[in-house]
S.K.: 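Here you go, one structure.
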Amino acid sequence: MKIATFNINGVNGRLPVLLRWLEKASPDVACLQELKAPDERFPRREIEKAGYGAIWQGQKSWNGVAILAKGRDPLVTRRGLPGDVDDAQSRYLEAAIEGILVGCLYLPNGNPAPGPKFDYKLRWIQRLTTYAEELLELDIPVVLAGDYNIIPTDLDVYKPERWRRDALFRPEVREAFKALTEEGWVDALRTLHPDERLYTFWDYFRNAWGRDAGLRLDHFLLSPSVAHRLSAAGVDKPVRGWDKTSDHAPAWIELADAEG
DNA sequence: ATGTCCATCACGGATGGA
C-alpha cells in the first residue's frame, strides 16, 4: 500500500497538478494539506473521476485537509485535533483505510517567532504529542502524515545557520519532533534514508528550487505496529518543477501487506 | 527586509499568509 502526503497549496488553483500527480503516482492513499477552500468548493467530482473517494475538512482562504483513497471511501474517525474545542482551524483529519488509521495533519507554520503564532504552534504540537501518546497506547497501525512545518535536523535544510531562529527550526520545535520519535514513532523517510539530503519544500522566493535550497517539512510518523511493514519511501521531487505547482513536493511511503 | 504566489474582497489593487 502506497500512502502519500502533498501540501497542494490551493486545491482548486492547482487542481491540474493534483490530477496529473494522482495519475502518475497512483497512491492508494493521499493526504492533502492547504486546500485553501471551504467545504463546498472542494473539487469532489474531479477527484472522483480520477478514481478516488475523499473526505475533507475545508476552510475559507487558509488551511484545509483532505484524505483521498483509491477506489474506496475513507471512513472518518476524527475531525480536528483533540485538546482545544475553540481551535477552529482545519488542520487535522483522520480516517480508517484498509486496517490503518491515517491521520492527515497540517501543523501551524508559527512564524514570526516569537509571537502569538509561534505560541499557537507550540500549543498545537503539545496537543499532537498528547494525542499521539494515546494512539500509541492503542497498539494499532497508525500513520501520521502531513506538513509538520518542522525541519527535524541540520541534514534536512540546505543552510542550517540561516534558519536557526525560524519557527520551522527553533530548538523547542525540533526537540518536540525528536521526542515523538523517542516515544516510538518512526520517521519513515529518515529511517530508510539515514544519510541522504531529502527535501519536500522549496520556497517560491529567491529561486530556491533552481538552487535546490530546500527543506524537509513533510513527514510520515509510523506507529511501531505498522513500522515493520515499511518497505520504501521517497519524494516525488520532479512535481516541484511542474508548471503552476505547489511549493511542496509530494512524499510517499510503501507498506508491505499485513501478515495473516 | 527581501523575494513569489494565491485567495480575498469587490472589481483594482492592497492585504494576509505561507
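A note on names: the letters A, B, ... follow the listed sequences, proteins ahead of strands, and every chain is numbered from 1. Treat the numbers as computed from the prediction; the structure is a model and nothing was measured.
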S.K.: Indicate yes or no for a side-chain donor-acceptor contact from A/Ser225 to the backbone of A/Ile140 under 3.5 Å, with no hydrogens or angles considered.
M.R.: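 Between the backbone of A/Ile140 and the side chain of A/Ser225 there is a qualifying donor-acceptor contact (under 3.5 Å).
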S.K.: Pick the nucleotide of DNA chain B nearest each of A/His248 and A/Thr245; which residue has the one closer to the 5' end?
M.R.: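 The residue closer to the strand's 5' end, by nearest nucleotide, is A/Thr245.
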S.K.: Specify the separation, in whole Å, of atom CG of A/Asp247 and atom P of B/dA18.
M.R.: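 So the CG-P distance, A/Asp247 to B/dA18, works out to 12 Å.
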S.K.: Choosing from B/dA18, B/dC5, B/dC9, which nucleotide comes nearest the side chain of A/Lys60?
M.R.: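 Shortest atom-to-atom distance from the side chain points to B/dC9.
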S.K.: How close or far is atom P of B/dT2 from atom CG of A/Asp203, stated in whole angstroms?
M.R.: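 Value for this atom pair: 15 Å.
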S.K.: Between B/dA1 and B/dC5, how far is it from one P atom to the other, in whole Å?
M.R.: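 Result for the P pair: 22 Å, nearest Å.
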S.K.: Rounded off to whole Å, could you give me the CG-to-P distance for the A/Asn207 and B/dT4 pair?
M.R.: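 Going from CG in A/Asn207 over to P in B/dT4 covers 10 Å.
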S.K.: Quick one: which of B/dC6, B/dT4, B/dG17 gets closest to the side chain of A/Phe205?
M.R.: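 Nucleotide nearest to A/Phe205's side chain: B/dT4.
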S.K.: Check the surroundings of atom CZ in A/Arg78: do more than 12 heavy atoms from other residues, nucleotides or ligands lie under 6.0 Å from it?
M.R.: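 More than 12 within 6.0 Å, yes.
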S.K.: How far, in whole Å, is B/dG17 from B/dG12 if one measures between their P atoms?
M.R.: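 Result for the P pair: 25 Å, nearest Å.
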S.K.: So, OP1 or OP2 of B/dT2: does either fall under 4.0 Å of a side-chain N or O from A/Arg162?
M.R.: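 Answer no for this pair, as no side-chain N or O of A/Arg162 is under 4.0 Å from OP1 or OP2.
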S.K.: Send over the distance from A/Asn109 CG to B/dC5 P, rounded to a whole Å.
M.R.: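 Result: 18 Å.
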S.K.: With a non-hydrogen cut-off below 4.0 angstrom, is A/Gly13 in contact with a base, only sugar-phosphate, or nothing?
M.R.: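 Since only primed, P, OP1 and OP2 atoms lie under 4.0 Å of A/Gly13, the category is sugar-phosphate.
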S.K.: Starting at atom CG of A/Asp166, determine the distance to atom P of B/dA18, rounded to an integer number of angstrom.
M.R.: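 Taking atom P of B/dA18 as the reference, CG of A/Asp166 is at 12 Å.
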S.K.: Name the residue closer to the 5' end of DNA chain B, choosing between A/Pro38 and A/Phe201 according to the nucleotide with the nearest heavy atom.
M.R.: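 Result: A/Pro38.
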S.K.: Does the pair A/Asp87/A/Arg127 count as a salt bridge with the N-to-O cut at 4.0 Å?
M.R.: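 The answer is yes: the pair qualifies as a salt bridge.
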S.K.: Using a strict threshold of under 4.0 Å (side-chain N to carboxylate O), is an ion pair present between A/Asp156 and A/Arg190?
M.R.: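 Salt bridge between A/Arg190 and A/Asp156, a charged N being under 4.0 Å from a carboxylate O: yes.
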S.K.: With a 3.5 Å distance limit and no angle check, can you tell me whether A/Gln33 reaches the backbone of A/Asn7 through a side-chain donor-acceptor pair?
M.R.: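 Judged by distance alone, yes, a pair lies under 3.5 Å.
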S.K.: Using the side-chain heavy atoms of A/Glu34, tell me which of these nucleotides is nearest: B/dC6, B/dA18, B/dC9.
M.R.: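 Among B/dC6, B/dA18, B/dC9, the one nearest the side chain of A/Glu34 is B/dA18.
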S.K.: Tell me the interatomic distance from A/Arg165, atom CZ, to B/dA1, atom P, rounded to whole angstroms.
M.R.: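 To the nearest whole Å, that distance equals 12 Å.
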S.K.: Taking only N and O in the side chain of A/Arg14, is any of them less than 4.0 Å away from OP1 or OP2 of B/dC6?
M.R.: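 Looking at the OP1 and OP2 atoms of B/dC6, one of them is under 4.0 Å from a side-chain N or O of A/Arg14.
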S.K.: Given B/dG16, B/dA18, B/dC5, identify the nucleotide with an atom nearest to the side chain of A/Arg91.
M.R.: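 Side chain of A/Arg91 sits closest to B/dA18.
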S.K.: Can A/Leu93 be reached from A/Val29 by stepping across I, L, V, M, F, W or Y side chains whose heavy atoms are under 4.5 Å apart?
M.R.: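 Linked within one cluster.
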S.K.: Of the nucleotides B/dT2, B/dG17, B/dT8, which has the atom closest to the A/Ser61 side chain?
M.R.: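 The answer is B/dT8.
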S.K.: OP1 or OP2 of B/dT8 less than 4.0 angstrom from a side-chain nitrogen or oxygen of A/Lys36, does that happen here?
M.R.: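 Looking at the OP1 and OP2 atoms of B/dT8, neither is under 4.0 Å from any side-chain N or O of A/Lys36.
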S.K.: Write down the distance separating the P atoms in B/dC11 and B/dC6, rounded off to the nearest Å.
M.R.: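 B/dC11 and B/dC6 have their P atoms separated by 23 Å.
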S.K.: Could you tell me the separation between the CG atom of A/Asn63 and the P atom of B/dT8, rounded to a whole number of Å?
M.R.: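 After rounding, the gap between these two atoms is 13 Å.
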S.K.: Over how many whole Å does the gap from A/Gln59 atom CD to B/dA7 atom P extend?
M.R.: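 After rounding, the reported distance stands at 15 Å.
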S.K.: Please report the distance separating the P of B/dT2 from the corresponding atom of B/dT8, rounded so that it comes out in whole Å.
M.R.: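 Those two atoms are separated by 26 Å.
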